Amino acid sequence: MDTSSSDSDPVRLSLTSRYSDWVLEALEELSDCFLITDPAISGHPIVFASQSFLSMSGYSKSEILGRNPRLFQGPETDRGSVCQIREAIRTRQSVQVTLVNYRKDGTPHQVLFHMCPVFVEEDGSVVHFFAIQVPIVRRPGTRPCSKGLLRGCRDEVRKGCDAHAQKVFDNVCSRVSEEGETCMAGEWERERALNAANSIISALNRYNNFTGLVVSTKQCCGPRTIPAFSSCLNLSLGGINKSFVLSDPHLPGMPIVYASDAFLSLTGYSRCEVLGRNSRFLNGPGTCSKALQEINASIGAEKSCTLRLLNYRKDGSSFWNLFHISPVRNATGKIAYYIGVILDEASKGELNGISPEMWQFGTVGAVKVAVRSLSFSCSGPSWSSNSR
Amino acid sequence: MLKIKRVPTVMSNYQEEMSTEAVGCGRNCLGKCCLHVSNLPLYTFSSNLNSPKSESFLSELLLAQWEERMRQGLFRYDVTACETKVIPGPQGFIAQLNEGRHLKKRPTEFRVDQVLQPFDPAKFNFTKVGQEEVLFQFQNGGLIEKSYFLERAGVDPAMAPNVVAINVSPIEYGHMLLIPRVLDCVPQQIDQDGILLALHMAAEASNPYFRLGYNSLGAFATINHLHFQAYYLNIQLPVEKAQIEMITQRGLGESEKGVKISRLMNYPVRGLVFSEGNTIGDLADVVSKACICLQQNNIPFNVLISDRGHQIYLFPQCYAEKQALGEVSQELLDTQVNPAVWEISGHIVLKRRKDYDEASEASAWRLLAEVSLSDERFEEVKEYIFAAIGVVESKFEVNNEEKERAEEAAMLDGNMFEPVASHFQEGCLVVE
């Protein structure tokens, strides 16, 4: 299914808004098979796929942009490798594993999977992940090909078509054999992966003139500001497909430090218009001050509350917000954030049969679970200095 | 008869109130008296594992209901206010300081020398739990197209309702109890249906950070009424990170049913790991046979269900027996840690600030090593289990081949991870 082709589609803007329009061309010129994903978008989708990747996998660009790379996995994909990749994403590290991926036609093939986070040098936040796939080819001197594979190779050679035979040989040998033998990635594949990684980072940096963004695959020590938190939060909370914001009560003005995509869609704001501001921008002339007092009182008492108040979108239109606010603690046991869950009353019939209350509580629960182990995965500033 | 003094954990508010007399009804409990005229939320899952699963449907509902019970004040304390940390070190043990978890009353005696004990209706059991502690019924809808949820539904006792209830002394957010066939009053022992239900729940929750656990009697189960525990923790548990070494290939014979059996390596507690299986029912079958074998041989054990129900750890243990025989050091006894399934998996709840502040990888390892069977005893127990399942340990050459490949990989590059040849019948999912 094609993703929206509108100019405001976050998937299409993911790279160009951070680097420049030219970065896409530069990336297209690279001959390696790789994907780039954006963890800040819900579902951690693919925002770029190289031509080689598309040829290798048999998919077209529109079929995979906006989707999560798990679609390339299948029955023979090793669960342990998938767990390693998942952990690497969570802890924002590089990882290299052998993986069985599936093409569009369902055939499995082995690749050396090499994934790196892309850090913004200035503040240490992760802005993208890129994943290189180097197809693994059997070479003489390693394990012998099984009978099935050799038969394929011999047939093609017998047909006397040399260049074609080489291509078939490569293709056939990169398949997992019927007996389940796996190919080993060797020096050659690993070197290709590293070269590809360097090329990608160079391309990203070369075309950042417009935005001035400098990136690398290593996290440097930078000032610990809100964007670094955002990056951690993005990775942990990105999968929660509800409309909510997190505000930090320890920072002056209690600004928003995280806003979900659903919140941005509902209110019409963009992420940078919202981060760092107090959520009172949602209020307007029709917002009842008693409701606001109640919210403030709850925050003061470190309690949760649910109420209905009139809020305003960016375009000035109003909506009845079935609002729920609750303190959220992190691993120190102290309050780290307040979550504000925003539900447009007009859409309460579209909640799959769940009551608005359960919808709100489900959001709070998922966020509480995520924030509780946030500090385990992010080497952020010492948490005790932030707690009350 | 071996006995130890323990301070039990209160799992239900009614457990706390209970005296020894049976309490009359009208309390809206889960017994036959009340249940058939009640309405409880109902989650019906599809047993067709290929049906499209909305990844977070069950999880959101579980968490929503749990949060709502927090709002009602049903928990003895706010678990999110308990300090937690990862202990530095390669294992990454997780320690929590939880001073509220244990009763402050006088300790009670608990018989620990019998893994199988008959159900005693006079003692506390889950039919006495108030319905407000129940999150929902969890029923198998068969091969329906997709799972569904009703916020209110009648309870049909003829359908042998399974319930999911809160644990009022949680060790993590979302800590709940899965009670299969609550009205049947089955004592705490594993059978195929019970394990199968737990595996379905793990698959349905579809979240790699949601685990289920089981403690047998003698391995720190507190209530002799069949139940599993479950909770969410968004980090890999140390036992999940530990290496495993395959013992049997994925045999296709009648007894093996495609289940792969491995052993845990480089981990303080010795255990077996069951994975794959031709179907979820086959995996449940093999695991339950293993557990039943232990039950019949009076060996206490704990079970951890991990990775969406695809990886099951079985830990035979002997800590309670050692305790009763006076073989555990006073230092360890003073921590008052009851090494049940979560502790064994690497998530350790500590009662004293001192133990929490001084917690180290070495001290955690020392504690868990006491729980483990010795090498010789573990091998013996493993043989019983294999005989019960009808499985033969793989020929020597297979293991050697694996070792060779692992060594080859290690030599080529320290970074390279050895791929394990494996076949899965279901797709794998990378968490976003």
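In this text the structure is predicted, and so the values were computed from the model without any measurement. A note on names: the letters A, B, ... follow the listed sequences, proteins ahead of strands, and every chain is numbered from 1. Any value given below was found using the heavy atoms of this structure, including those in side chains, with hydrogens, waters and symmetry copies removed.
Taken from CG in D78(B) to NZ in K368(A), the straight-line distance is 6.5 Å, to the nearest 0.5 Å. Taking CG of N330(A) as the reference point, atom OG1 of T84(B) lies at 9.5 Å (rounded to 0.5 Å). Here the CZ-OH distance, from R329(A) to Y173(B), works out to 12.5 Å after rounding to the nearest 0.5 Å.
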**OP:** Quick one: do E172(B) and R372(A) satisfy salt bridge (Lys or Arg N to Asp or Glu O under 4.0 Å)? Show the steps, please.
**Re:** CA-CA 9 Å; E172(B) 259 313 323; R372(A) 182 127 168 94; 2.8 Å; yes
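Using a distance-only test at 3.5 Å, with no hydrogens or angles considered, a donor-acceptor pair links the side chain of E151(B) to the main chain of S355(A).
Closest non-hydrogen pair, N234(B) versus S373(A), comes out as CB-OG, 2.9 Å. Of all heavy-atom pairs spanning C83(A) and D307(B), the tightest one is SG-OD2, 4.4 Å.
Highest contact tally toward chain A, considering only K85(B), R71(B), Q311(B), K241(B), is held by R71(B) [criterion: heavy-atom pairs under 4.5 Å]. When each of Q65(B), E240(B), E67(B), M70(B) is checked for heavy-atom pairs under 4.5 Å with chain A, E67(B) comes out on top.
Here the side chains of E60(B) and I354(A) are not in contact, with every heavy-atom distance at 4.5 Å or above. A heavy-atom distance below 4.5 Å is found between the side chains of Y209(B) and R86(A).
With a 4.5 Å cut-off on non-hydrogen atoms, S326(A) touches chain B through its side chain but not through its backbone. Neither the backbone nor the side chain of K303(A) has a heavy atom closer than 4.5 Å to any heavy atom of chain B. Residue contact with chain B, scored on non-hydrogen atoms closer than 4.5 Å, is absent for L71(A). In this structure, the portion of L61(B) lying under 4.5 Å from any heavy atom of chain A is its side chain and not its backbone.
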